[in-house]
Amino acid sequence: MKYKEEAINLKKLSIKLEKEENDYFREWIIEEWKHHNTVDSIYQIRIIKPEELTFEKNEEYYKIMFNNEMAGFIGIKNYEKEIYLYRFYIDERYRGQGIGTIALNKLIDMAKVQDKDISLEVMEGNIARNLYERLGFKTQYRRMILKINDNIYEN
């Protein structure tokens with residue numbers, strides 16, 4: 001019953017994904033990294049300056065718009081047969097309102113139109129894992145990391 005009520009309420013939210021140039025997201029990506037470091041204690045990311053960020057040719061970024069305000073963003077790597085959810089961030093002020101659920105459903109719709117699978121990586125304790133599972137994502141492999149270069153990952 002709870003999920004049915006949530007689904008009805010989510011339909012009332014007006015959420016749009018708007019494609020934007022990658023450079024627009026430099027500051028947002030830094031915020032996403034800071035948040036990532038608070039939820040994934042094993043996989044700490046070294047925070048760099050926005051101007052040091054580089055983008056690959058297949059990276060695409062979308063603003064998550066809620067009531068004509070940017071509530072977060074989705075960054076993907078668009079491959080021939082797969083969309084890799086590379087970055088996903090909802091600003092603190094907008095979390096817990098269903099905005100992320102709707103945004104991910106829009107990404108799923110995009111993947112269906114392009115006839116592509118969607119993949120992502122998420123650590124066991126990350127709260128977003130519940131959202132991904134609720135939307136049908138399944139764990140396929142286990143990822144292991146051997147930290148060698150602390151210039152890339154911090155303890």
Side-chain angles (χ1 to χ4, degrees), residues 13-66 68-95 97-154:
L13 294 178
S14 175
I15 308 295
K16 292 185 251 176
L17 294 184
E18 293 182 2
K19 191 160 182 1
E20 183 65 69
E21 294 298 317
N22 293 356
D23 285 334
Y24 176 88
F25 293 95
R26 289 180 183 279
E27 295 289 335
W28 279 86
I29 290 169
I30 299 299
E31 287 304 310
E32 183 250 356
W33 282 352
K34 289 176 186 174
H35 174 69
H36 194 282
N37 283 350
T38 66
V39 295
D40 291 341
S41 59
I42 295 172
Y43 191 67
Q44 297 293 290
I45 300 171
R46 183 176 63 92
I47 306 298
I48 64 173
K49 297 176 187 165
E51 61 271 12
E52 295 174 338
L53 287 173
T54 58
F55 298 100
E56 296 177 27
K57 288 181 181 179
N58 65 337
E59 280 184 65
E60 299 175 11
Y61 287 85
Y62 297 84
K63 293 190 250 181
I64 300 171
M65 302 300 293
F66 171 62
N68 296 317
E69 291 186 25
M70 187 170 159
F73 72 95
I74 289 179
I76 64 171
K77 289 187 179 181
N78 204 341
Y79 296 104
E80 184 178 333
K81 296 183 180 188
E82 172 188 34
I83 292 175
Y84 176 67
L85 180 55
Y86 184 55
R87 302 188 193 286
F88 177 51
Y89 180 75
I90 303 293
D91 187 280
E92 289 178 15
R93 298 170 293 156
Y94 298 99
R95 291 184 194 148
Q97 299 178 44
I99 294 168
T101 300
I102 294 171
L104 283 177
N105 274 316
K106 290 186 178 296
L107 182 66
I108 291 168
D109 291 343
M110 182 188 319
K112 287 177 181 176
V113 168
Q114 296 178 24
D115 195 27
K116 295 181 181 183
D117 291 337
I118 300 176
S119 67
L120 58 87
E121 293 179 20
V122 62
M123 299 297 285
E124 186 70 34
N126 188 326
I127 196 165
R129 185 179 193 91
N130 296 330
L131 169 61
Y132 302 137
E133 289 173 348
R134 201 170 67 237
L135 293 178
F137 286 83
K138 305 278 187 238
T139 301
Q140 194 170 28
Y141 300 105
R142 296 198 179 253
R143 182 167 187 231
M144 297 176 71
I145 298 172
L146 174 63
K147 291 187 188 182
I148 294 180
N149 184 348
D150 280 337
N151 290 329
I152 298 173
Y153 307 107
E154 294 180 355

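Atoms CD and CG, from Glu31 and Asp91 in turn, are 8.0 Å apart once rounded to the nearest 0.5 Å. In this structure, Lys63 NZ and Tyr24 OH are separated by 4.0 Å, a value rounded to the nearest 0.5 Å. Thr139 contributes atom OG1, which lies 4.0 Å from atom CZ of Arg129 (distance to the nearest 0.5 angstrom). The line from CD1 of Ile15 to CD1 of Ile64 is 8.0 Å long, rounded to the nearest 0.5 Å. Taking CD1 of Ile90 as the reference point, atom CE of Met70 lies at 9.5 Å (rounded to 0.5 Å). Once rounded to the nearest 0.5 Å, the distance linking CE of Met110 with CD1 of Ile76 reads 5.5 Å.
Evaluation of the side-chain hydrogen bond (donor to acceptor under 3.5 Å, both in side chains) rule for Tyr86 yields no partner, not counting sequence neighbours. Residues satisfying the side-chain hydrogen bond (donor to acceptor under 3.5 Å, both in side chains) test with Lys16, not counting sequence neighbours, are none. Remark: Glu82 engages no residue in a salt bridge (charged side-chain N to carboxylate O under 4.0 Å, His left out) (not counting sequence neighbours). Partners of Glu69 by side-chain contact (heavy atoms from CB on, under 4.5 Å), not counting sequence neighbours, listed by chain and number: Tyr94. Qualifying side-chain contact (heavy atoms from CB on, under 4.5 Å) partners for Asp117, counting only residues two or more places apart in sequence or in other chains: none. Looking at residues two or more places apart in sequence or on another chain, you find a side-chain contact (heavy atoms from CB on, under 4.5 Å) between Phe55 and Asn22, Asp23, Arg26, Ile29, Glu59, Tyr61. Evaluation of the side-chain contact (heavy atoms from CB on, under 4.5 Å) rule for Asn58 yields Glu56, Lys77, Tyr79 as partners, not counting sequence neighbours. Partners of Tyr132 according to the ring pair (Phe, Tyr, Trp, His ring centres under 6.0 Å) rule, which considers only residues two or more places apart in sequence or in another chain, are Phe137.
No side-chain heavy atom of Glu133 sits under 4.5 Å from any side-chain heavy atom of Val122. Looking at Leu85 and Leu104, their side chains come closer than 4.5 Å, going by heavy atoms from C-beta outward. With contacts defined as side-chain heavy-atom distances shorter than 4.5 Å, the pair Asn78/Lys116 qualifies. When side chains are defined from C-beta on, Ile74 does not count as touching Lys106, because their heavy atoms never get closer than 4.5 Å.
Of all heavy-atom pairs spanning Gly72 and Trp28, the tightest one is CA-CZ3, 3.8 Å. Contact detail for Ser119 and Tyr84: the closest heavy-atom pair is OG-CD1, 3.2 Å.
Below 30°, between 30° and 60°, or above 60°: for Phe73 and Phe25 the angle between ring planes is between 30° and 60°, a tilted geometry.
Atom CD of Glu51 sits in a crowded spot, with more than 12 heavy atoms from other residues, nucleotides or ligands closer than 6.0 Å. More than 12 non-hydrogen atoms from other residues, nucleotides or ligands lie less than 6.0 angstrom from NZ of Lys19. The neighbour count for Asn130 CG, taken as heavy atoms of other residues, nucleotides or ligands under 6.0 Å away, is above 12.
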